[in-house]
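Below is one structure, written out as structure tokens; comments come after it.
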There are 2 protein chains.
Amino acid sequence: MAEIRIAWPDPEGQEIVERLFAADAALRAHFEQVTAAVGLTVPQAHTLIQLQEPQRMGTMAGHLHCEPSHVTAIADSLEAGGLLRREPDPDDRRAKRLVLTEAGQELRGRLLKLLFEGAPIISTLDAEQRAGLLAMLRMAQSGDGHRALRRFPAARGDDSCPPVPS
Amino acid sequence: MAEIRIAWPDPEGQEIVERLFAADAALRAHFEQVTAAVGLTVPQAHTLIQLQEPQRMGTMAGHLHCEPSHVTAIADSLEAGGLLRREPDPDDRRAKRLVLTEAGQELRGRLLKLLFEGAPIISTLDAEQRAGLLAMLRMAQSGDGHRALRRFPAARGDDSCPPVPS
DNA sequence: ACAACATAGTTCAGTCGCTGAAACAAATCG
DNA sequence: CGATTTGTTTCAGCGACTGAACTATGTTGT
């Protein structure tokens, strides 16, 4: 994510946005680094992490905020790498559940360990600061958790204007 | 960004990471919404926002954390849309400066206004909460600002392992 | 002054993550 | 039982982005 450095009507709001973006960029970079270090791409790693317990592919698509067809592709690669297998869902013969193999569980554990060690933001705060940050984030997010994660909400009609060539 | 929901060694750290990712997802969704509403793609909008003052293209690549060749493409589209023009840099005849046109300035203003209105996290906090959140983020980020924004740092050698098929 | 090298931007081929439509199988509903 | 929905797969294609090759201009060392 690019830096946001602009003339803002509200300097404090501006700094919060900047720092939230920066915090995210740091988390993302850490995630990418760890992920690459164990030989996974970012979406592969996300999928692996979700698989503490077997998941149906559609459910996984929900967790990853992507289309089911994309889950098919990710699962293909992880299955080819021997990290998970597809097994039929006992309750619905159309559905398949993704299940970690031994190797998958082992790698998932290693991934989580690396992910937590040296995670930015968290590792630079002491216990009290972390508690404070957490309280703030809880307040800021109370009530809009699911709304916050929806992607590509429809544009507001009255603000629309013709697109620029891409 | 996908949800992070895992068995973590540290529940508090886990929640902080989750909430930071969620905060980012919300900011990103808001940015995408506003951006689409004015007819821009996300990278186009980032570029426009950076252009409060004329910028050399290489500098812009730095701000956007991408390769210079990508700035060329973005600038092409914005120039075709009449939002900016390339002018020669007075100090270096190899370089070009990106300068907003009248239309570009107008749209940039509209973008900033929409971006700030209804921005998640910020708009749900009162003044005191915002100050508190800001203080926490400042603490968390003191000293690692530039490190945090580096992309794709080299993988640590001793943690590496063979990649999974992509 | 001039060769050698560094730097700014462009062009182009190609990768990656992801979407959307079509197709098939299995479940559910009238 | 037929009609419709749902879970997954396949495939074509898009947008963001990289990396290498190229041109043109600046810089440096002898």
Side-chain angles (χ1 to χ4, degrees), chain A residues 1-2 28-29 31-32 35-36 39-47 54-80 84-99 150-154 163-166, chain B residues 1-2 25 28-29 31-32 35-36 39-47 54-81 84-99 150-154 163-166:
Chain A
M1 177 55 68
R28 228 166 256 270
F31 196 94
E32 279 169 3
T35 266
L40 295 174
T41 67
V42 168
Q44 284 173 342
H46 269 129
T47 303
Q55 295 266 333
R56 286 167 53 150
M57 301 184 69
T59 312
M60 181 63 74
H63 284 138
L64 299 177
H65 306 301
C66 69
E67 299 298 314
S69 61
H70 192 209
V71 174
T72 296
I74 300 172
D76 284 349
S77 68
L78 289 173
E79 194 168 32
L84 62 77
R85 58 179 183 279
R86 282 173 237 237
E87 67 179 31
D89 185 288
D91 300 339
D92 187 337
R93 290 197 339 242
R94 293 170 302 179
K96 292 165 191 169
R97 289 165 54 183
L98 304 180
V99 188
R150 195 171 46 194
R151 304 181 70 184
F152 302 104
V164 157
S166 305
Chain B
M1 174 58 62
R28 227 166 256 270
F31 195 94
E32 280 170 2
T35 267
L40 294 174
T41 68
V42 168
Q44 283 173 341
H46 269 129
T47 303
Q55 296 265 333
R56 286 168 51 151
M57 300 184 69
T59 311
M60 181 63 73
H63 283 138
L64 299 176
H65 306 300
C66 69
E67 300 298 314
S69 61
H70 192 209
V71 174
T72 297
I74 299 172
D76 284 349
S77 67
L78 289 173
E79 194 168 32
L84 62 78
R85 57 178 184 279
R86 282 171 236 236
E87 67 178 31
D89 185 289
D91 301 339
D92 186 338
R93 291 203 331 248
R94 294 169 301 179
K96 293 165 191 170
R97 289 165 56 185
L98 303 179
V99 188
R150 195 172 47 195
R151 304 182 70 185
F152 302 105
V164 158
S166 308

Which nucleotide wins on minimum distance to the side chain of A:Arg86, given the candidates C:dT19, D:dT9, C:dT10? D:dT9
Integer-rounded Å distance: C:dC16 P and A:Glu67 CD: 21 Å
Is there a donor-acceptor pair closer than 3.5 Å between any side-chain N or O of A:Thr35 and the backbone N or O of A:Phe31? yes
Can you name the atoms? Protein N/O to nucleotides 27-30 of chain C N/O, anything below 3.5 Å, with the distance.
| unit_1 | atom_1 | unit_2 | atom_2 | d |
| --- | --- | --- | --- | --- |
| C:dA27 | OP1 | A:Arg93 | N | 3.0 |

Length of the line joining B:Leu64:CG and D:dT18:P, which is rounded to integer Å: 10 Å
Please step through side chain to side chain contact (heavy atoms under 4.5 Å, CB included) for the pair B:Arg93 and B:Asp89, ending with a clear verdict. CA-CA 6 Å; B:Arg93 291 203 331 248; B:Asp89 185 289; over 6 Å; no
Quick one: list whatever passes side chain to side chain contact (heavy atoms under 4.5 Å, CB included) with A:Arg86, sequence neighbours left out. A:Met57, A:Thr72, A:Ala75, A:Asp76, A:Glu79, A:Lys96, A:Leu98
Taking atom C1' of D:dT9 as reference, at what distance in whole Å does atom CE of A:Met60 sit? 17 Å
A:Lys96 NZ - C:dA26 P separation (whole Å): 11 Å
For A:Asp92, what residues pass the salt bridge (Lys or Arg N to Asp or Glu O under 4.0 Å) criterion, not counting sequence neighbours? A:Arg56, A:Arg94
Between P on D:dT18 and CD on A:Glu32, what's the gap in Å once rounded to a whole number? 11 Å
Applying side chain to side chain contact (heavy atoms under 4.5 Å, CB included) to A:Pro68 and not counting sequence neighbours gives A:Ala61
Using whole Å, report how far CD1 of A:Ile74 lies from P of C:dC18. 6 Å
Please name the pair of heavy atoms, one in A:Gln44 and one in A:Gly39, separated by the smallest distance, quoted to 0.1 Å. OE1-O, 4.4 Å
Mind checking what makes side chain to side chain contact (heavy atoms under 4.5 Å, CB included) contact with B:Glu67, not counting sequence neighbours? B:Ser69
Matching residue for B:Thr47 among B:Thr41, B:Val71, B:Leu64 - test: side chain to side chain contact (heavy atoms under 4.5 Å, CB included): B:Leu64
A:Pro88: partners by side chain to side chain contact (heavy atoms under 4.5 Å, CB included), with sequence neighbours left out: none
Atom NE2 of B:His46 and atom P of D:dA16 are separated, to the nearest Å, by 12 Å
Can you check the A:Gln55 CD to D:dG7 P distance for me, whole Å? 14 Å
Please list, for nucleotides 10-14 of chain D, all pairs of protein and nucleotide N/O atoms separated by less than 3.5 Å.
none

